[in-house]
Amino acid sequence: MQDTEQFLKNFSDAWATQDMDTILNAVTEDFQFRMANCEEAIKGKAAFADWLKNMNCGEGKASITHNQIIINEQQAALTGEIKVTGDGPEQHFAFCDVYTLSDNKISTLTAYCVKYGEGMGCE
């Protein structure tokens, strides 16, 4: 497999730049995507492509910082921060993406994302 760490970082960076080709080329045909706070997964590359097209990213710009990556055979987790600037005030999120890898592609992704200042223990 290509360098898994760089592959996943490139995939993550593609979200910030809204590079749909890079995102879709990195996933399997039977790819499953789920935001951790949603019960239902998006199943299949075609359904995921539709979801990406409908995702409201607005005209803002995002930057991603990768903090930590853990890779174990066919699974990986990548943590980091996303800063989004646009019409309103900057928004700052922490994320953890959990991947299953298959045939040099991503077969599942569960994304955990929380806005800074929200959640338990945050003031």
Side-chain angles (χ1 to χ4, degrees):
M1 181 176 205
Q2 61 182 305
D3 178 42
T4 303
E5 181 174 350
Q6 192 58 52
F7 170 71
L8 293 175
K9 286 180 178 180
N10 290 345
F11 179 80
S12 178
D13 288 340
W15 285 83
T17 60
Q18 299 178 34
D19 181 350
M20 301 309 167
D21 289 335
T22 297
I23 293 169
L24 292 173
N25 287 331
V27 302
T28 61
E29 290 299 322
D30 61 347
F31 176 71
Q32 291 191 34
F33 171 75
R34 186 174 74 85
M35 294 295 293
N37 61 337
C38 296
E39 290 184 29
E40 294 291 320
I42 297 167
K43 297 179 180 178
K45 187 175 186 174
F48 181 59
D50 288 341
W51 182 83
L52 286 172
K53 289 176 189 170
N54 294 319
M55 187 173 61
N56 183 11
C57 296
E59 297 299 318
K61 292 186 176 188
S63 63
I64 290 183
T65 302
H66 302 119
N67 293 336
Q68 197 174 26
I69 189 163
I70 301 167
I71 301 169
N72 182 354
E73 296 185 25
Q74 299 301 311
Q75 296 180 311
L78 175 64
T79 68
E81 301 174 32
I82 305 168
K83 291 184 180 178
V84 180
T85 57
D87 296 335
E90 179 179 88
Q91 297 183 67
H92 191 187
F93 301 89
F95 74 89
C96 177
D97 291 339
V98 179
Y99 304 92
T100 303
L101 307 168
S102 176
D103 297 325
N104 297 322
K105 295 198 177 223
I106 301 165
S107 60
T108 68
L109 167 57
T110 302
Y112 298 80
C113 188
V114 65
K115 188 173 183 179
Y116 272 82
E118 292 182 359
M120 296 181 61
C122 295
E123 298 294 327

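Since we're looking at a predicted model, the values are computed, not measured.
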message: T22: which residues meet the side chain to side chain donor-acceptor pair (under 3.5 Å) condition with it, sequence neighbours left out?
response: D19
statement: Residues passing the side chain to side chain donor-acceptor pair (under 3.5 Å) test with T79, sequence neighbours excluded, are none
Taking the side chain as C-beta and beyond, is there a heavy-atom pair between [X] and [Y] under 4.5 Å?
X    : Y    : answer
T110 : Y112 : yes
L52  : F48  : yes
C96  : V98  : yes
I64  : F95  : yes

If I take atom [atom1] from residue [X] and atom [atom2] from residue [Y], how far apart are they, to the nearest 0.5 angstrom?
X    : Y   : atom1 : atom2 : value
L101 : E73 : CG    : CD    : 11.0 Å
F33  : K45 : CZ    : NZ    : 15.5 Å
D13  : Q6  : CG    : CD    : 8.0 Å
N72  : T4  : CG    : OG1   : 11.0 Å
L8   : D97 : CG    : CG    : 9.0 Å
K9   : D3  : NZ    : CG    : 9.0 Å

field: Y99-I70 co-clustered via ILVMFWY side chain contacts under 4.5 Å
entry: no
field: ILVMFWY network linking F11 to M35, side-chain heavy atoms under 4.5 angstrom
entry: yes
field: Atom of E81, atom of Y116 and distance for their closest heavy-atom approach
entry: CD-OH, 3.4 Å
List the atom pairs, with distances to 0.1 Å, where a side-chain N or O of residues 24-32 and a protein N or O form a donor-acceptor pair under 3.5 Å, not counting sequence neighbours.
{"unit_1": "N25", "atom_1": "ND2", "unit_2": "D21", "atom_2": "O", "d": "3.0"}
{"unit_1": "T28", "atom_1": "OG1", "unit_2": "D30", "atom_2": "OD1", "d": "2.8"}
{"unit_1": "T28", "atom_1": "OG1", "unit_2": "F31", "atom_2": "N", "d": "3.3"}

- request: Carefully, step by step, assess N104 and F7 under the rule side chain to side chain contact (heavy atoms under 4.5 Å, CB included).
  value: CA-CA 9 Å; N104 297 322; F7 170 71; over 6 Å; no
message: Keeping T100 on the side-chain end and S107 on the backbone end, is there a donor-acceptor pair under 3.5 Å?
response: no
message: Taking side-chain contact (heavy atoms from CB on, under 4.5 Å) as the definition, give me every residue that meets it alongside A47, ordered by chain and number, with sequence neighbours left out.
response: I42
query: By side-chain contact (heavy atoms from CB on, under 4.5 Å), which residues pair with E90, not counting sequence neighbours?
result: K83, T85
message: My understanding is that only residues two or more places apart in sequence, or in another chain, count here; which of them pass ring-ring contact (aromatic ring centres under 6.0 Å, His included) with H66?
response: none
